[in-house]
Amino acid sequence: LRAGLETAGDLALTNLTALDQFRYQFSASAIPNWSRALLSLLRLESQIQMARAAIAIERHRLKLGRAPESLAKLVPEFLREMPVDYMAGRPLLYAVNPDGTFALYSAGEDGRDDDGLGDDVVWPQASLPTRVTTPQSGERIPTLTFQDASPRDVIEKLARQAGLEFRYQPKAAEKLPAKFSFTLSNVTPSEALDATLQRLNLALVRGPKHSNHCVVVNPFVRRDH
């Protein structure tokens, strides 16, 4: 549907000559953005499916004392059919965390399972976002200087040294400047990573699947209005 709508929209505009584009500019501007409307519709429908699934998961927990191992366990007693991720054209994604909480999410507009990170659309958890406390072990570095360095390269290097794996929230990746300069003294790689993220107004948080971490725009900064 998306490809068809994009093609139809392109044809509607490309068939206009330069003179037509001037003469009919108000008519051309009135052509609906059906592709964006479709994405909004599919996102809302996926969120409705997540709401139904979350209610069914809670009913399962109240009856059996635990979250279901999979969404298939909800059918047919708690749901008539598997909940659909309309953004990806397949069932919603689901996992149970070690503490009994669950991750329920859509793969998002790119259709890729990012473990509830990236552009995935996630059913909210009351305990998230939670800042990840990085281990402070490791040799201390007397002086660490970054001069016109790539923030992405610096963050990924320090994360490797600290033994951490993570993904970027799309907004956080877009927010990174091209270059930055920074000097730190007497720090471990973990402390250097925390300081670098703070300098860039970013934070490392736990993902919906608790074993996963994500760099996000700092949600812990107080914003006074």
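Since the structure is predicted, the reported quantities are computational estimates derived from the model, not experimental observations.
Look at Arg160 and Glu165 and you find no salt bridge, because none of the NZ, NE, NH1 or NH2 atoms lies under 4.0 Å from a carboxylate O. Using a 4.0 Å cut-off between charged side-chain N and carboxylate O, Glu77 and Arg59 make no salt bridge.
The side-chain heavy atoms of Leu71 and Leu79, taken from C-beta on, include no pair separated by under 4.5 Å. Counting heavy atoms from C-beta outward, Thr145 and Phe182 have side chains that stay 4.5 Å or more apart. Lys209 places a side-chain heavy atom less than 4.5 Å from the side chain of Asn97.
Other residues, nucleotides and ligands place no more than 12 heavy atoms under 6.0 Å from the CD atom of Gln198.
In this structure, CG on Leu204 lies 6.0 Å from NE2 on His213, to the nearest 0.5 angstrom. How far NE2 of His210 is from CD of Gln125: 4.5 Å, rounded to the nearest 0.5 Å. Taking OG of Ser185 as the reference point, atom CZ of Arg140 lies at 11.5 Å (rounded to 0.5 Å).
For the residue pair Ser181 and Arg199, the shortest heavy atom distance occurs at O-NH2, 3.5 Å.
Looking at residues two or more places apart in sequence or on another chain, you find a ring pair (Phe, Tyr, Trp, His ring centres under 6.0 Å) between His60 and Phe78. Residues that satisfy the salt bridge (charged side-chain N to carboxylate O under 4.0 Å, His left out) test with Glu45, not counting sequence neighbours, are absent from this structure.
Val122 and Val96 fall into different hydrophobic clusters, where Ile, Leu, Val, Met, Phe, Trp and Tyr are joined by side-chain heavy atoms under 4.5 Å apart, directly or via other members. Cluster annotation: Leu117 and Leu128 are assigned to distinct hydrophobic clusters (Ile/Leu/Val/Met/Phe/Trp/Tyr, side-chain heavy-atom contacts under 4.5 Å, transitive). Residues Phe220 and Val216 share a hydrophobic cluster, clusters being chains of Ile/Leu/Val/Met/Phe/Trp/Tyr side chains in contact below 4.5 Å. Under a hydrophobic clustering in which Ile, Leu, Val, Met, Phe, Trp and Tyr are joined whenever their side-chain heavy atoms come within less than 4.5 Å, directly or via other members, Leu93 and Leu74 fall into different clusters.
Relative to the ring axis of Tyr168, Arg152 places its NZ or CZ within 45° and under 6.0 Å from the centre.
Looking at Glu109, its side chain never comes within 3.5 Å of a backbone N or O of Asp119 through a donor-acceptor pair. A donor-acceptor contact shorter than 3.5 Å is absent between the side chain of Glu58 and the backbone of Ile55.
Each salt bridge (charged side-chain N to carboxylate O under 4.0 Å, His left out) pair with one or both residues in residues 167-180, not counting sequence neighbours, appears once here: Asp114-Arg167, Asp115-Arg167.
For the residue pair Tyr105/Asp85, the side-chain donor-acceptor check at 3.5 Å is not satisfied.
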